[in-house]
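Here's the structure we're looking at; comments come further down.
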Protein chains: 2
Amino acid sequence: MQLNQATDYAFRAVLYLANNTSQEIIPAQTIADAEEIPMRFLLKIMRSLIQNGIVKSYRGIEGGYALAKLPEEITLLDVVQAVEGPVHLNRCLIDPKYCSKNGADTCAIHEALENIEKNLVSGLRNRNFAELVGKTQNN
Amino acid sequence: MQLNQATDYAFRAVLYLANNTSQEIIPAQTIADAEEIPMRFLLKIMRSLIQNGIVKSYRGIEGGYALAKLPEEITLLDVVQAVEGPVHLNRCLIDPKYCSKNGADTCAIHEALENIEKNLVSGLRNRNFAELVGKTQNN
DNA sequence: TAAAACTATACCAAAAAGGTATACTAAGAA
DNA sequence: TTCTTAGTATACCTTTTTGGTATAGTTTTA
């Protein structure tokens, strides 16, 4: 019942880029050093952010990363989904086949969790990185 | 970012006991059969529910389990915490030492997640087993 | 054309998840 | 009083996930 370490690193990497208001391209090593993220692991995490349209990458000398869209267009949910895939509180919410006998409509627990999950998802969607920028140091 | 299988089983076991309005003592095997939970695994899960005051156990012939309190006094949160321990969205919310450099008060992400977590926890706390009883078959 | 920087794949160790086994204890029935 | 049923306690085990690392390659630009 916890976001994983990769997601936490991703939050911090995205916030680092978002704090860089001059839209400069920032190399992975700079982010890794600033946020104390293992370099090779960060590179791997960045790729899932790229695949989900959250950041862009630039190769070669002077290469690095920048946000692919405005900070206000990137939510915590976007980052979580990019790194971990869809958010589901219980496996019966992924596929009804996990609901031991029947499906959603006959299971009181399923229905209760579905509601709680909806709230969690909208909580994550309601926070974007523009709100987080500048507020504090990003550490 | 998911409750584990043991928690799902625990929900179903507690609901099974709650649906048993006659307050009878029910042996583990009966619950295991009805809810398709591996018997030995269920016994293990039940012990954490006992330790958290959610169910009571009775040994010997005619032994088994019953709720330790009224269904309306048992929330989804109680069961989750009994099985998985405290709910925390991110490790920096468990202990500030996980926050890469400073503590909660200097980290925008920390603060955002803390709020979302509070909502999740109260969502779980707001649903009790009396509401789930009878609503549907417990499967 | 060499060096800097990201990419792609694959691998790996440690921890967690999910469950099983063994031996034991308590309670009631015979 | 002893046998059986049912939970307890502890330890073990296999598989999956987590959190990384390694190797080799590609792109860019000075």
Side-chain angles (χ1 to χ4, degrees), chain A residues 1-13 17 24-33 35-52 54-68 80 83-86 88-92 94 98 100, chain B residues 1-13 17 24-33 35-52 54-68 80 82-86 88 90-92 94 98 100:
Chain A
M1 198 48 231
Q2 208 182 294
L3 296 165
N4 61 32
Q5 185 66 23
T7 302
D8 186 48
Y9 288 157
F11 284 152
R12 295 169 199 285
L17 293 175
E24 279 167 31
I25 292 169
I26 310 223
Q29 191 65 63
T30 304
I31 304 172
D33 290 347
E35 300 297 333
E36 297 178 49
I37 303 171
M39 169 67 173
R40 311 288 305 171
F41 194 34
L42 174 62
L43 289 169
K44 186 177 183 173
I45 294 165
M46 294 311 276
R47 282 202 300 287
S48 40
L49 296 177
I50 291 165
Q51 279 157 20
N52 286 270
I54 295 167
V55 303
K56 280 181 298 190
S57 70
Y58 302 87
R59 303 220 273 197
I61 295 170
E62 303 285 290
Y65 299 94
L67 295 185
V80 172
V83 178
E84 303 193 14
H88 287 299
L89 271 191
N90 199 1
R91 58 187 70 190
C92 71
I94 299 172
Y98 290 117
S100 29
Chain B
M1 200 45 234
Q2 207 181 295
L3 296 164
N4 61 31
Q5 184 66 23
T7 303
D8 186 48
Y9 289 156
F11 284 152
R12 294 168 199 285
L17 293 175
E24 279 167 32
I25 292 169
I26 311 227
Q29 192 64 64
T30 304
I31 304 172
D33 290 346
E35 300 297 332
E36 297 177 48
I37 303 171
M39 169 67 173
R40 308 293 301 175
F41 194 33
L42 174 62
L43 288 170
K44 186 177 182 173
I45 293 165
M46 294 312 276
R47 281 203 302 288
S48 39
L49 296 177
I50 291 165
Q51 278 158 19
N52 285 271
I54 296 168
V55 304
K56 279 181 298 190
S57 70
Y58 302 88
R59 305 221 273 197
I61 294 171
E62 303 285 290
Y65 299 95
L67 295 185
V80 172
V83 179
E84 304 193 12
H88 287 299
N90 199 359
R91 58 187 70 190
C92 71
I94 299 172
Y98 290 117
S100 28

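We name chains A, B, ... by the order of the sequence lines, and we start the count at 1 in each one. The model shown is predicted, which means the values in this text are computed figures rather than measured ones.
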What's the [atom1]-[atom2] distance between [X] and [N], to the nearest Å?
{"X": "A/Leu43", "N": "D/dG25", "atom1": "CG", "atom2": "P", "answer": "18 Å"}
{"X": "A/Ile61", "N": "D/dT26", "atom1": "CD1", "atom2": "P", "answer": "18 Å"}
{"X": "B/Gln2", "N": "D/dT17", "atom1": "CD", "atom2": "C1'", "answer": "12 Å"}
{"X": "B/Glu62", "N": "C/dA26", "atom1": "CD", "atom2": "C1'", "answer": "15 Å"}
{"X": "A/Glu84", "N": "D/dG19", "atom1": "CD", "atom2": "C1'", "answer": "13 Å"}
{"X": "A/Ile37", "N": "D/dT21", "atom1": "CD1", "atom2": "P", "answer": "12 Å"}
{"X": "A/Gln5", "N": "D/dT21", "atom1": "CD", "atom2": "P", "answer": "12 Å"}
{"X": "B/Arg59", "N": "C/dA29", "atom1": "CZ", "atom2": "P", "answer": "17 Å"}

Interatomic spacing from [atom1] in [X] to [atom2] in [Y] - rounded to 0.5 Å:
{"X": "A/Asn90", "Y": "B/Asn4", "atom1": "CG", "atom2": "CG", "result": "9.5 Å"}
{"X": "B/Ile37", "Y": "B/Lys44", "atom1": "CD1", "atom2": "NZ", "result": "14.0 Å"}
{"X": "B/Met1", "Y": "A/Thr7", "atom1": "CE", "atom2": "OG1", "result": "9.5 Å"}

Does [X] have a side-chain nitrogen or oxygen under 4.0 Å from the phosphate oxygens OP1 or OP2 of [N]?
{"X": "B/Tyr58", "N": "C/dT25", "result": "no"}
{"X": "B/Tyr9", "N": "C/dG19", "result": "yes"}
{"X": "A/Arg47", "N": "C/dA5", "result": "no"}

Give the nucleotide from the list C/dT7, D/dT28, D/dT8 with an atom nearest to the side chain of A/Ile50. C/dT7
Nearest to the side chain of B/Pro38, which nucleotide is it out of C/dG19, D/dT28, D/dG19? C/dG19
A/Ser57 or A/Met1, whichever maps to the more 5' nucleotide of DNA chain C: A/Ser57
Toward the 5' end of DNA chain C, by each residue's nearest nucleotide, A/Gly60 or A/Arg40: A/Gly60
Considering only heavy atoms and no angle criterion, is a donor-acceptor pair shorter than 3.5 Å present between the side chain of A/Lys44 and the base of D/dG19? no
Got A/Tyr9 and A/Val83 here, is their nearest side-chain heavy-atom distance under 4.5 Å? no
A/Phe41 or B/Ile26: which one's nearest nucleotide on DNA chain D is closer to the 5' end? B/Ile26
After noting the C-alpha distance and the side-chain angles of B/Thr30 and B/Glu24, does the key distance pass the side-chain contact (heavy atoms from CB on, under 4.5 Å) rule? CA-CA 12 Å; B/Thr30 304; B/Glu24 279 167 32; over 6 Å; no
